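One structure is given here, and the rest of the page talks about it.
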Amino acid sequence: MSRKVDSVKDINDSKETWRLVVRILDVWSVVNNKGIEHLEMIVMDSLGDRIQVLIRHDHLLKWKEVIKENMTCIINNGSVYNNDFQWKVCDHSKKIVFLGGTTMKAIELQNIPPKRYFFKDFGEILQGKCKTDRLEEIIGAVIEINHIQSNTPGKKVVVSVVLKDLKGNCINCNLWEIYGSNFLTYYNDPKNNGAIVILLTHAMVKDGQVSNAWSGSKLLINEDIPEIQDFMSKLPTNEQKEKPTQSAKSLSNWSSGSQYSPVERFVHNAKCMSLSQFCKIKHETLCVTVATTLKFAVSKYGWFYYGCTRCSSNAPNPEKAYECSCGQKVEQPIPRYKIEIYVSNGESKYRFVFWDSECAAILGMIAEFMHNSMVENGEDDPMVYPDELEMLLNKKMAFRVKVHPTFSQASVWKLCDDEAFVKEIENDYIVEDNQSKTEYAKLVPNKENLETSAQTLSASGENDPESIILMTPTKDVVIADKGEEVDFEASGATQLSGTKPSKKLKIEPSS
């Protein structure tokens, strides 16, 4: 009579004669500080339960060439101990250690689910809902490169990027050594354009950010696997075409040797003009200007609206569940910022619409959190503007906006409040009424192309919640474009200079 199969969830230290039918989800090698190597792996049974397995160095030669990731097999016998790994990759309280009498037979099994990933929610990472000894799997789109550090004496290679999930939550991700180098190799390959989606396994989580572990982490970049392809397909069309750029702070470390400065990227394909000229615009136009936020333009809708939990489209009813046009099944719509603010420059004044990402970047909190805090304090009237919103006022910033003359308003696409950055925009790029066309051409490269690009952008504009995606970037960075179907790396190089080849990102020593 054959032995019955045991379930992973039932494993305990009462015996060593366990019989498991499992799929190997992951396998990796670990070398300790004495140079001794052992194997670890994660196995999953037909019920989806997982347990961590250890193969000691004295059994390494027997199994190293036999075990393959994603294979299905039958495992007989193994010692069971408490899961005392410093870094755990699953919730099972026990671990299995191979014995001299452990056997494993590869067999094709259809009843065990295919390999899958258990992605950690970015919202939980930001809220600190993570176990301190747990390694996680994450997936997200790279929206910005914050920092690049080269391998110099006393320092290791590290690339810091900002990842965004499909709900709009953003976290920092640090890729150390070979992981950072592999990312830069992919990024600098001229064949790789458009969005970059990365999947990182065994990610260490600390203080709301993640990084690769020293053993076992796998970095997958735009791989042709269902998880990444599905994530990519759910990104807005314009974001699928956008290649991430470096932040103004990061670029300042190497921009002296780069062909394009942060300011040049900010003004690319836009008309640079003073606020006084906005009233003369007849068609929807992409513009760059400098202005100071003055006061709220209070509307009947208040400071937020209820939207989808994945995209930023407006919810038909804030109190009812529904299926959004993006495919998301929304049980409870969430508040999203939409704040109208009058901005001024001298005697000129105009109405700007600030959306989720811009407000969250300045305020340091998402609209849902602010709304919930108000409700907890007994205030649920959307017409009551929280005191925290005052942080949006009296700020002099450089704005990249789309002007909607029909509505006498402009939607904010990018902003930056760095004093030096704003001063450079104001002094070197803003076109005044009395400047000649020749002077204008000097300030903004390829004027004809810029006019065409600005006027042919999507007519839906940014005054429609359907086209906005929530982001929560770190403060003092340039907010990423939304809706602009222009790939700077692919087309901007030839537009700005027809004689120079495009530059690759450089690794500069950290100061």
Side-chain angles (χ1 to χ4, degrees), residues 8-9 23-30 39-44 48-54 69-70 82-95 113-143 146 158-180 182-183 196-223 225-232 234 309-310 366 471-474:
V8 165
K9 66 179 180 180
R23 182 183 298 276
I24 299 176
L25 298 182
D26 200 1
V27 58
W28 63 97
S29 173
V30 179
L39 289 182
E40 295 178 24
M41 61 183 182
I42 296 296
V43 300
M44 180 179 71
D49 294 309
R50 300 177 297 159
I51 191 168
Q52 197 161 342
V53 180
L54 171 68
E69 188 175 306
N70 207 31
N82 290 333
N83 187 356
D84 58 356
F85 285 108
Q86 180 182 2
W87 298 102
K88 301 174 179 60
V89 292
C90 65
D91 292 326
H92 206 295
S93 62
K94 302 296 181 180
K95 67 181 179 183
K115 179 178 178 178
R116 56 171 295 201
Y117 296 93
F118 299 82
F119 297 119
K120 186 66 175 177
D121 184 85
F122 282 14
E124 293 184 359
I125 293 176
L126 294 171
Q127 295 170 27
K129 295 180 180 179
C130 303
K131 296 181 179 179
T132 57
D133 62 349
R134 177 68 179 267
L135 299 178
E136 305 289 357
E137 295 171 334
I138 62 168
I139 187 171
V142 179
I143 62 170
N146 273 340
V158 60
V159 178
S160 179
V161 301
V162 178
L163 296 181
K164 184 180 76 171
D165 65 12
L166 293 174
K167 296 179 181 178
N169 297 312
C170 294
I171 61 173
N172 287 322
C173 175
N174 299 313
L175 301 173
W176 292 87
E177 297 193 334
I178 188 63
Y179 300 90
N182 288 345
F183 175 84
I196 295 179
V197 175
I198 69 172
L199 188 160
L200 180 65
T201 68
H202 297 191
M204 303 171 65
V205 182
K206 184 179 181 181
D207 298 330
Q209 57 183 340
V210 300
S211 64
N212 60 275
W214 299 116
S215 297
S217 285
K218 292 182 175 61
L219 177 65
L220 306 180
I221 306 175
N222 283 10
E223 294 283 346
I225 62 174
E227 291 81 5
I228 289 181
Q229 295 304 312
D230 180 64
F231 189 101
M232 183 77 75
K234 292 177 180 177
T309 54
R310 175 188 292 172
I366 61 175
M471 297 194 300
T472 313
T474 54

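Only a predicted model underlies this, so the values are computations on that prediction, with no experimental measurement involved.
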CZ (Arg50) and CG (Asp91) are apart, to the nearest 0.5 Å, by 7.0 Å
Hey, are the side chains of His92 and Val8 touching, using non-hydrogen atoms and a 4.5 Å cut-off?
yes
What I want to find out is whether Asp121 reaches Lys167 closely enough, with some N-O distance under 4.0 Å, to be called a salt bridge.
yes
Measure the CG-NZ distance between Leu166 and Lys234 for me, rounded to the nearest 0.5 Å.
6.5 Å
Met204 versus Trp87, closest heavy-atom pair with distance:
CE-CZ2, 3.4 Å
Please find the pair of heavy atoms, one from Gln209 and one from Ile125, that lie closest to each other, and give the distance.
N-CG2, 4.3 Å
Which atom names give the shortest non-hydrogen contact between Cys90 and Gln52, and what distance separates them?
SG-N, 3.8 Å
Lys218 NZ to Trp28 CH2 distance, which is reported to the nearest 0.5 Å:
7.5 Å
Beyond-backbone contact of Gln86 with Asp133, side-chain heavy atoms, under 4.5 angstrom:
no
Are any of the side-chain heavy atoms of Val142 and Phe183 separated by less than 4.5 Å?
yes
To the closest 0.5 Å, what do you measure between CG (Leu163) and CZ (Phe122)?
5.0 Å
Contact check, side chains of Leu220 and Ile225, non-hydrogen atoms, under 4.5 Å:
yes
With side chain to side chain contact (heavy atoms under 4.5 Å, CB included) as the criterion, how do Asn172 and Val162 come out once you've worked through the C-alpha distance, each side chain's angles and the decisive distance to 0.1 Å?
CA-CA 5 Å; Asn172 287 322; Val162 178; 3.5 Å; yes
Measure the shortest side-chain to side-chain distance between Asn212 and His202 over non-hydrogen atoms and say whether it is less than 4.5 angstrom.
no
If you measure from CD on Glu223 to CE on Met232, what distance do you get to the nearest 0.5 Å?
11.0 Å
Can you find a pair of side-chain heavy atoms, one from Phe85 and one from Leu135, that are under 4.5 Å apart?
no
Can you tell if the side chain of Ser93 reaches within under 4.5 Å of the side chain of Asn83, non-hydrogen atoms only?
no
Return the minimal non-hydrogen interatomic distance between Leu25 and Arg116, and the atom names on each side.
CD2-N, 4.3 Å
Residue pair Asn174 / Ser160: nearest heavy atoms and the distance that separates them
OD1-OG, 3.1 Å
Where do Glu227 and Ile139 come nearest, in terms of heavy atoms and distance?
O-CD1, 3.7 Å
Is the closest side-chain donor-acceptor distance between Lys95 and Asn82 under 3.5 Å?
no
Please check if the side chain of Arg23 supplies one atom and the backbone of Asn70 the other of a donor-acceptor pair under 3.5 Å.
yes
Just by modelled atom types, is the Ser217 backbone N or O under 3.5 Å from a matching donor or acceptor in the Thr201 side chain?
no
For the atom pair CD1 (Ile171) and CG (Asp207), what is the distance rounded to the nearest 0.5 Å?
12.5 Å
